[in-house]
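A short write-up of the structure that comes next.
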Amino acid sequence: MTVRYQRQKGTADILPGEAEQWQYVESVARKIFAKYRYSEIRTPLFENYEVFSRSSGDTSDIVTKEMYDFQDKGGRHIALRPEGTAGVVRAYVENKLYGPEYADPYKVYYMGPMFRYERPQSGRMREFHQIGVEAFGVDTPMLDVETIAMAQELLSTLGLKHLKYVINTLGDAETRAAYHAALVNYLTPYKDELSEDSQVRLAKNPLRILDSKDEHDQAIVANAPSILDFLTPAAQKHFDEVKSQLTALGIAYEVDANMVRGLDYYNHTIFEIMSDSEAFGGKWTTILAGGRYNGLVKELGGPEMPGVGFGMGVERLLLIMNAEGIMPKTTMPLAAYVVGIGTEAHQAVLPLVQAVRKAGFAADCDFMDRKPKAQFKAANREHAVLVITIGEDELVQHAAQVKVMATGEQSQVSFDELTNHFADVYQRLTKGDN
Ligand code: ATP
Ligand code: MG
């Protein structure tokens, strides 16, 4: 096959069999989000470049290196969304979802593809998927904690174990300014030793150096002053309340004062949930990350409105679930396979299949006039619960043979009673969990 017809590096085809796993995760997420009163929002996959550059910050990796951006035919600077928050905030502002007629907090969730120009590797794709949530309009630590608690319920419902909850605070504007100065003071003598990226960050956004993946940077940063020593009384109080309410909910956490998050507009609480699953060779890997971003709504042209949310990487989650064997079997159940024996009977097959489907069950049949043996084989391959057979005799008697595949038990049922009988038998066999 020529390269032209191969998928792009860092993208994947999600095939039948796998797609059911995605549906499972998504349906669990939808159910849990609904309990916490989150509604779905669907925003465009592409936006004006500025929506993302503004919200992620000009020095973020996303903006400097990872954006999929282009000029469209009308000369607009467009970017495929690299994350979910910016588009949601843009929609929140544009649709004025903050008026008195809206709930406080205003809660939304999204699920869908994101695009980043990254070096592809396991758990790092160019098109990947996130499930995320945002809650606007309320500044209390209680909402930060509810958000983390919801993330916990989601991951534990999916069966994940051995997770680490890491939190930190970036304080308020005053905290950041004081800390910024102290950090620059500390780092400036090491300037020449820092990685190239971090030398640029030192001038533009020194906090990001704390997040550097360069080992030597990390060694330097290990002795840097801690932001926790620069919190204003208000920021300290917010953080203390987050910690005490997490404890009240029984959520064990670690504080990592060197944790900063990718986006510039985070403040107060930030958090990551990490897994040391064998899926990533036992190395701690972040699967869900979020925090509070009180400045962002204003930054994108809206009123002063606080926000808090998280994003979860679905590919990484699925890698872990499959590696840990906690992915439930997700097959499409087939209630009935209808077998037709002989040309005339075969004509009667599709009406019967349709009748079963209209009664609310999955049904299938042969489309190629194959021999009975081949039809039974197909029924087995598809794990049909029941096989309904019609031949010449059955046509004359206006009845079909219904066979329970698991037991071999067989009975003759008139066409008129077939769907009722069928429903009874099927429900008994599957105990109603259709
Ligand atoms: P990392 O430090 O791994 O690059 P990040 O800080 O860029 O992560 P976020 O922007 O916070 O990640 O995105 C939240 C989650 O989305 C991540 O924890 C991860 O699970 C997932 N994610 C981010 N980038 C990718 C990617 N390129 N491929 C697959 N999943 C990703
Ligand atoms: Mg990244």
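Both ligands and their constituent atoms are indexed starting at 1 by order of listing.
Here Arg90 pairs with Glu47, Glu94 under the side-chain hydrogen bond (donor to acceptor under 3.5 Å, both in side chains) rule; sequence neighbours left out.
In summary, Glu193 and Lys191 do not engage in a salt bridge, as defined by a charged side-chain N under 4.0 Å from a carboxylate O. Residues Arg7 and Asp13 are paired through a salt bridge, judged by an N-O separation under 4.0 Å between the basic side chain and the carboxylate. In summary, Glu146 and Lys107 engage in a salt bridge, as defined by a charged side-chain N under 4.0 Å from a carboxylate O.
Close approach to Lys213 involves these atoms of ligand 1, each under 4.0 Å from a residue heavy atom: 1 (P), 2 (O), 4 (O). Every atom of ligand 1 is numbered from 1 in the order shown, and the set under 4.0 Å from a heavy atom of Glu118 is 24 (N), 25 (C), 26 (C), 27 (N). Heavy-atom contacts of Thr286 reach the following atoms of ligand 1: 18 (O), 19 (C), 20 (O) (cutoff under 4.0 Å). Of all the atoms in ligand 1, the ones that sit under 4.0 Å from a non-hydrogen atom of Gly123 are 28 (N), 29 (C), 30 (N).
Only the backbone of Ile287 comes within 4.0 Å of ligand 1, counting heavy atoms alone; no side-chain atom from C-beta on gets that close.
Sorted by first and then second residue, the salt bridge (charged side-chain N to carboxylate O under 4.0 Å, His left out) pairs with a member in residues 284-304 read Arg54-Glu299, Asp139-Arg292, Asp144-Arg292, Lys298-Glu304; sequence neighbours excluded.
Every N/O-N/O distance between Met312 and ligand 1 stays at or above 3.5 Å. Taking any N or O of Glu315, backbone or side chain, none lies under 3.5 Å from an N or O belonging to ligand 1.
Ligand 1 lies less than 4.0 angstrom from a heavy atom belonging to Gln130.
Ring-plane geometry between Tyr92 and Tyr106 is classed as tilted, the angle between the planes lying from 30 to 60 degrees on a 0 to 90 degree scale.
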